[in-house]
Number of protein chains: 2
Amino acid sequence: MAKVIVYEEPSLEEAKKIVKNALSRKKNIYILANCSVDYFGRSSSHLEFGERLIIIKSDGALLIHRPVGHSPVNWQPETSYIDVSYDSEEEVLVMKALRTRPREVVAIKLDNIFLIVEAELYDSGAFYMHISEKEIRDILATNPEILGEKLTTIDVEKKVEPGFIDLYLKDKKGNVVVVEIKRLTARVDAVRQLKKYINSLKSHMRTEKIRGIIVAPSITKKAQELLLKEKLEFKQINIEALSKYVGKTEKRSLFDYLK
Amino acid sequence: MAKVIVYEEPSLEEAKKIVKNALSRKKNIYILANCSVDYFGRSSSHLEFGERLIIIKSDGALLIHRPVGHSPVNWQPETSYIDVSYDSEEEVLVMKALRTRPREVVAIKLDNIFLIVEAELYDSGAFYMHISEKEIRDILATNPEILGEKLTTIDVEKKVEPGFIDLYLKDKKGNVVVVEIKRLTARVDAVRQLKKYINSLKSHMRTEKIRGIIVAPSITKKAQELLLKEKLEFKQINIEALSKYVGKTEKRSLFDYLK
DNA sequence: GCCTAGGTCCCGTCC
DNA sequence: GGACGGGGCCTAGGC
């Protein structure tokens with residue numbers, strides 16, 4: 001079971017020892033403190049002093065969260081090294097998280113620490129994500145009749161020069177059918193993507209006719225227009241209906257959660 | 001200054017009161033607990049029981065973080081309502097975070113709570129991000145001579161059918177110059193993007209010559225090849241050197257941070 | 001390592 | 001509100 005140690009209002013010198021020790025033991029560290037943050041790397045940024053939550057995970061992931069908003073204001077997805085030192089001149093605890101590739105640094109200056117929590121967490125729970133684009137693709141590959149006509153699957157994730165074709169099929173007339181799948185509303189960029197693949201195929205073989213189909217639960221107006229202009233097709237699919245093809249997908253509905 | 005209250009190992013019934021109260025006062029809430037998570041909405045997922053950090057921010061943002069990794073395993077960027085109840089049958093505290101658009105729900109079941117921290121944080125610190133693509137574009141628009149020749153800026157973010165041209169200029173010979181800017185290494189997709197804009201322009205006006213320039217600190221080999229094939233140009237810029245055109249950008253280098 | 005594409009992407013911006 | 005493109009996107013998968 002989790003081991004959790006709480007330090008309330010440590011001095012900066014005490015905090016330095018606590019954090020260094022916790023880092024060396026690869027604990028999870030959560031700090032509530034008044035701090036400023038500088039970032040330098042692919043871009044650079046400066047965040048003035050304010051009260052935030054600093055998270056250092058056992059694998060070195062670093063996150064700095066403000067009191068509002070989903071996204072961390074600063075972060076380091078993986079750190080090669082976190083340096084902790086006390087700057088007696090500025091009277092701040094300095095934590096520098098380094099990353100080698102890309103070469104980036106996040107430097108945090110803490111001048112008032114409210115809380116440090118050191119935690120050893122056990123988490124081996126499996127995570128299941130249902131109906132990803134990959135799942136839809138595999139269902140359609142084995143059941144191409146879902147698209148409403150007789151089709152034969154030739155290839156899945158077929159490599160062409162500019163990328164990968166989700167589904168590469170042939171229709172009953174022997175035409176090549178290129179399918180681009182979107183799990184959510186298809187937008188103009190999906191149509192562009194499909195056109196790109198078709199252009200690539202056309203440059204290699206000139207004899208056969210090539211059809212392009214966007215498969216998605218819905219499509220934006222602009223995407224529909226571009227589709228018509230490019231003489232491509234759209235096939236609407238019902239994602240919920242597809243779930244019956246997946247054994248392990250749970251049949252719970254939003255309604256069950258809201259009850 | 002921050003007000004922080006720490007509750008160590010509360011019972012589930014106590015936790016229910018603490019969380020409900022903190023939610024109603026729009027506090028930041030941090031919970032260390034053994035929990036399972038179900039998500040249903042644009043996609044759906046199930047996470048088995050394990051020890052994690054649950055963050056509820058004062059604006060309703062919800063994050064569930066495992067002990068490793070940058071990204072939260074489950075989240076709700078904004079919640080319209082968080083319901084907290086005790087399920088006496090399963091002996092778990094249930095927190096359901098609802099979102100109306102898109103209609104989504106994250107349901108957390110907690111069966112063992114190690115720590116709850118309730119915090120009122122004050123954070124008004126400004127955040128400065130330096131040299132975005134937009135900034136580079138504006139600097140080049142007002143100082144096109146940086147590109148190494150006499151150019152006149154005609155338009156910024158010019159709308160053409162497939163999108164927006166970063167910079168639309170004329171050179172001293174009166175040729176149209178289309179510039180695509182990348183803040184980091186330019187890749188093949190940047191070249192494709194540029195080509196797309198030029199094609200669009202060509203279809204509208206046939207008299208003038210159109211040049212295309214990729215402006216970036218560096219370019220990949222593949223992009224360079226495509227560039228040559230398409231008879232387009234690459235102009236290297238030094239982002240550091242551009243910063244002198246931005247008043248508020250700090251002149252600190254990576255070296256200063258690493259010292 | 002680079003490249004490609006997906007994501008419950010999130011987020012800003014413009015219509 | 002929908003739609004579209006950017007991001008220090010992050011992450012997974014190929015080569």
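Each chain gets a letter, A, B and so on, in the order the sequences are listed, and its residues count up from 1. Not measured: the values here are computed from a predicted model. All values below were derived from every heavy atom in this structure, side-chain atoms included, with hydrogens, water molecules and symmetry-related copies excluded.
Contact annotation: A:R137 side-chain N/O to C:dG6 OP1/OP2 distance is not under 4.0 Å. Considering only side-chain N and O atoms, A:Y197 lies nowhere under 4.0 angstrom from the phosphate OP1 or OP2 of C:dT4. An OP1 or OP2 oxygen of D:dC4 is reached within less than 4.0 angstrom by no side-chain nitrogen or oxygen of A:R192. At the phosphate of C:dG6, OP1 or OP2 sits under 4.0 Å from a side-chain N or O atom of A:Q193. The phosphate of D:dT11 (OP1 or OP2) has a side-chain N or O of B:S71 nearer than 4.0 angstrom. Neither OP1 nor OP2 of D:dG8 sits under 4.0 Å from any side-chain N or O of A:R99. Distances shown here put a side-chain N or O of A:W75 below 4.0 Å from the OP1 or OP2 atom of D:dC10. Dashed line: the shortest gap from a side-chain N or O of A:R183 to OP1 or OP2 of C:dC9 is under 4.0 Å. OP1 or OP2 of C:dT8 has not a single side-chain nitrogen or oxygen of B:R101 nearer than 4.0 Å. Residue B:R187 has no polar side-chain atom (N or O) positioned under 4.0 Å from OP1 or OP2 of C:dA5.
No engagement by A:P102 is indicated, since no non-hydrogen atom pair under 4.0 Å with the nucleic acid exists. Residue contacts shown for B:V106 are absent, as no nucleic acid heavy atom lies under 4.0 Å away. Residue B:F127 is classed as having no contact, given no heavy-atom separation below 4.0 Å to the nucleic acid. Nucleic acid contact for A:E161: none, since no nucleic acid atom lies under 4.0 Å from a heavy atom of the residue.
Of the listed nucleotides (C:dT4, D:dC4, C:dG6), D:dC4 has the atom at the smallest distance from the side chain of A:T220. The side chain of B:K182 lies closest to D:dG6 when the candidates are C:dC9, C:dT8, D:dG6.
When each of B:P77 and A:S132 is assigned the nucleotide of DNA chain C with its nearest heavy atom, A:S132 is the one assigned upstream, toward the 5' end. Each of A:N74 and B:F164 lies near DNA chain D, and the nucleotide nearest B:F164 is the one positioned closer to the 5' end.
With a 6.0 Å radius and a threshold of 12 heavy atoms from other residues, nucleotides or ligands, A:K158 has its NZ atom above the threshold.
Across all strands shown, C:dT8 forms no Watson-Crick or G-U wobble pair with both distances under 3.5 Å. The nucleotide D:dG8 finds no pairing partner, because no Watson-Crick or G-U wobble arrangement with both distances shorter than 3.5 Å includes it.
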Would you please test B:I29 and B:L23 for side chain to side chain contact (heavy atoms under 4.5 Å, CB included) and show each step? CA-CA 8 Å; B:I29 306 166; B:L23 280 174; 3.9 Å; yes
Given B:L47 and B:R66, is the side chain to side chain contact (heavy atoms under 4.5 Å, CB included) satisfied, shown in steps? CA-CA 11 Å; B:L47 175 64; B:R66 306 188 79 162; 3.6 Å; yes
Would you check, one step at a time, whether the test salt bridge (charged side-chain N to carboxylate O under 4.0 Å, His left out) holds for B:K196 with B:E180? CA-CA 11 Å; B:K196 200 174 64 183; B:E180 175 61 31; over 6 Å; no
Could you walk me through whether A:I198 and A:E230 pass the side chain to side chain contact (heavy atoms under 4.5 Å, CB included) check? CA-CA 11 Å; A:I198 291 172; A:E230 300 284 1; over 6 Å; no
Is there any protein nitrogen or oxygen under 3.5 Å from a nitrogen or oxygen in nucleotides 12-15 of chain C, and what are the pairs?
none

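Here the shortest heavy-atom pairing between A:V105 and A:K96 reads CG2-CB, 4.5 Å.
Taking atom P in both C:dT8 and C:dT4, the straight-line distance is 23 Å, to the nearest Å.
The residues B:E104 and B:R42 are annotated as salt-bridged, a charged nitrogen and a carboxylate oxygen being separated by less than 4.0 angstrom.
In the model, A:T185 has a side-chain atom that pairs as donor or acceptor with a side-chain atom of A:S218 under 3.5 Å.
Residue side chain A:E133 does not reach the base of C:dG7 through any donor-acceptor N/O pair under 3.5 Å, judged by distance alone.
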